[in-house]
Amino acid sequence: MKLKTYILCLLSFAFFGCDRDYVLESGDTTEVLTRAGLKEGQVFYYYGIEDRKIFLNQVTDKVYVKLAPTATKEQFRSVVTGNASLRPMYANAEEYFVEGYPSNGVVLEGGAISSEIINSFKVKDEIVSATYLLEYNGVGLSAYTDEFIVKLKDGTTYAQVQELAEKYGCTIGKEDEFVKNQYSLYASKTSEMDAMQTANMFYETGLFEFAEPNLIDFNAESSSDQFFPYQWGLKNTISGQVDINAEPAWAITKGSSSIRIAVIDAGVDLTHPDLQANLLPGYDATGYGTAGAPYSSEDNHGTPVAGIIGALQNNNYEGISGVAPNCKIVPVKASINNSFDRAHSSAAINWVVNNNKSEVINCSFGSHNPPTSNLTNAIKNALTNGRGGKGCVVVCSSGNTAPFTIVSYPANSDPRILVVGAVDRTGARSIWNSSEASNYGPELDVVAPGTSIYTTDRQGNAGYNNNTSTFDLSDLNYTMNFGGTSAAAPFVSGVAALILSVKPSLTGTQVADVIEGKAQKVGGYFYNQSTSNGRWHEQMGYGLVDAYASVISAETTTINGPTYLNVYSGGTKTYSLASPPSGTVIWEKSAGSPFNISPTTGNSTTVSMTGTGSGTLTAKANGRVIATKPIAASTTTVNGPIEGLSSVYPGNNIVTYELEHVPGLYYSWSSNGSLVMQSNNGSSTCSFKVPSYYTGGTTDVISCYVTADNTAVGSFSLTVDIY
């Protein structure tokens, strides 16, 4: 493809310049390529979040052809078969065509596809765009079309966008449904610049937070390979093998119906008997209007993911159990035929967050294609603003590529994401074949089962298990061959849902901390890197997720209130839970405790001292102890002359007092009169002296006070005689 350089200064906007070359012209291309930072066969766009160039290599043996929404199936077939040197990349390409849908497209491949072939596509009325596929860092395939997305900076007006669009022959689409001042624009195929080049031009004006092509990721679903007796990830009965400790966790909770997990995927079978009762109304970000259901025969990936998270349990149906069988699932369709359009993915997540549809978001997709600002921003929005500011728990699969092992995008886009790798039955990192293995690296947080996972499948002949399968279950509503980090991520999403079921007050970050801090050190790896949440290994993160330990840890809290109470100072204090759980809290005291509690239910109670000694205050929820606090009771006294028993005299008379005390407290002595303390604060003893210049009456009463750790523990009075 021959490119041209356009040196453009938009004089109508005085605050931006023209100091970058980003489109090549005929002539000495080597010099211009060098100035633009490009190599032959490369393109780039600006990643607005980091203000850097993302370089991609053109794959010249593959081209993505996007058809107009008015295209007919006959025209689609003509495109697919119209050039003898090209063939569809996918054998079932015709199933990708949906009449009237604006993103119909097909990948064609052959030898070195010339620019003349691409230009021959562009002149057809039924074709909107034709572009080479792109490769990023040597892996992953993506495509771009005529569409690019812009986000206006504060102060940028719509009129300025219109002026730019008119200048460069673009069409302005609708404003993003969920993000204010974010628009889709469409480059004309008759323009000298395509969508990527035009997006770069827009970004360089300085008017936009980002201007990026809408990438389409292929093979983005992180899956490599499917009642309960075979679900080794939940309960492994073979000695020396691993599981996530689901059964002990279920003794505490099987989940709450108020906790919802959004499955951002290819759609979920809405009538599946093992899922239907747990499904809430969903959303179709791709525009098919399926309400979160699959559309084409390729939309298989979401139903197995949903089953791992929340398939029904003990529902008199031959099937499987989800990790959180009492929680609810929100199906959100963002994938079309195994490809994830970034605009659809970001819209799916924004719909969830802006409409408060879920507490946990599962993203079992990813690619090694470059980042885009709209999807990164959508995830950051979920992590920051989800759940009314507590933050959604966002769980992403790490990816399945080998030998290229780094964590994929979007899992690597924000450190708050729970990034999940896969392990096999022995706890070792999953390696399925020479080209598929669980990705790892500094972003990896935990691992979960990801090899030969039994789960729900689309019913009947749809789905992975159909009548053409030779090695799968006879019940076509399930599969035993689902796997990859796509399977591992929903295990962790289910555990996150169990945690929030017992402690909905936790923030998204706190949930992630619990999961990381309680992970099992499996697989024989040496977890030699120490972090704030424990020991970590680059291939395993913090280890295998542990449902039971995580739920127990989340349910446990602390009681706010003093450890020592004094009868003299009233002996009454209010105690409360630092982090209330779900369910009713019951307060109890140990036998023989020298205090009463009232009320005995609720998130706080009042303790009233009745005598000396010590006891234990206990808080229970759901029949289990969630917090304890020892309380020591004392009628703390002061040894020395007490009110009316003796006198002190002005001048040289010094009287020493000693407090009966509990070790470890910081004491402070004070008075309301002219006594001079002879010892420093922090001591249980103190001497007082009345100065010789004392001017009180013949007799005077001076009150003295003692506090311990800012709590009053004693007071007394001295009678001063004047001689």
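Predicted, not measured: the structure shown is a model, and the values here were computed from it.
Interatomic distance, Ile127 CD1 to Phe76 CZ, rounded to the nearest 0.5 Å: 10.5 Å. Here the OH atom belonging to Tyr186 is positioned 11.5 Å from the CD1 atom belonging to Ile172, to the nearest 0.5 angstrom. How far CG of Asp176 is from CD1 of Ile149: 7.5 Å, rounded to the nearest 0.5 Å. From Glu436, atom CD reaches atom CD1 of Ile431 across 12.0 Å, with rounding to the nearest 0.5 Å.
Judged purely by distance below 3.5 Å, without hydrogens or angles, the side chains of Asp194 and Tyr144 pair a donor atom with an acceptor atom. Side-chain contact of Glu212 with Thr372: a donor-acceptor pair under 3.5 Å is absent, judged by distance alone. A donor and an acceptor atom, one from each side chain of Asp51 and Tyr203, are located under 3.5 Å apart. Asn369 and Asp217 form a side-chain donor-acceptor contact under 3.5 Å, judged by distance and modelled atom types alone. Looking only at atom types and distance, the side chain of Asp457 has no donor-acceptor partner in the side chain of Asn300 under 3.5 Å away. Ser430 and Thr451 share a side-chain donor-acceptor pair at under 3.5 Å.
Residues forming a side-chain hydrogen bond (donor to acceptor under 3.5 Å, both in side chains) with Ser435 (at least two apart in sequence, or on another chain): Asn433. Evaluation of the side chain to side chain contact (heavy atoms under 4.5 Å, CB included) rule for Thr157 yields Ala159, Gln160 as partners, not counting sequence neighbours. Every residue two or more places apart in sequence or in another chain that forms a side chain to side chain contact (heavy atoms under 4.5 Å, CB included) with Ala378 is listed here: Ser346, Ile349, Asn350. Checked against side chain to side chain contact (heavy atoms under 4.5 Å, CB included), Thr145 has the following partners two or more places apart in sequence or in another chain: Tyr64, Lys66, Ser129, Glu147, Ile216. Every side chain to side chain contact (heavy atoms under 4.5 Å, CB included) that Asp269 has, sequence neighbours left out, goes to Thr271, His272, Thr303, Arg458, Gln459. For Glu109, the salt bridge (Lys or Arg N to Asp or Glu O under 4.0 Å) partners at least two apart in sequence or on another chain are Lys62, Arg87.
Classified by interplanar angle (parallel below 30°, tilted 30° to 60°, perpendicular above 60°), the ring pair Tyr183/Tyr158 is tilted.
Atom CD of Gln162 is surrounded by more than 12 heavy atoms from other residues, nucleotides or ligands within 6.0 Å.
Checked options Cys363, Pro410, Ser335; the residue passing with Phe340 is Ser335 (criterion: side-chain contact (heavy atoms from CB on, under 4.5 Å)).
The shortest distance between side-chain heavy atoms of Val352 and Ile264 falls below 4.5 Å. In this structure, the side chains of Leu185 and Tyr168 stay at 4.5 Å or more apart for every pair of heavy atoms. Counting heavy atoms from C-beta outward, Asn439 and Thr401 have side chains that approach closer than 4.5 Å.
The closest donor-acceptor contact from the side chain of Asn362 to the backbone of Ser493 lies at 3.5 Å or more, if one exists at all. In this structure a side-chain-to-backbone donor-acceptor pair under 3.5 Å is missing from Asn181 to Leu152.
Between Tyr464 and His301, the distance separating the two ring centers is not shorter than 6.0 angstrom. Aromatic rings of Phe148 and Tyr45 (six-membered ring for Trp) have centroids beyond the 6.0 Å cut-off, not under it.
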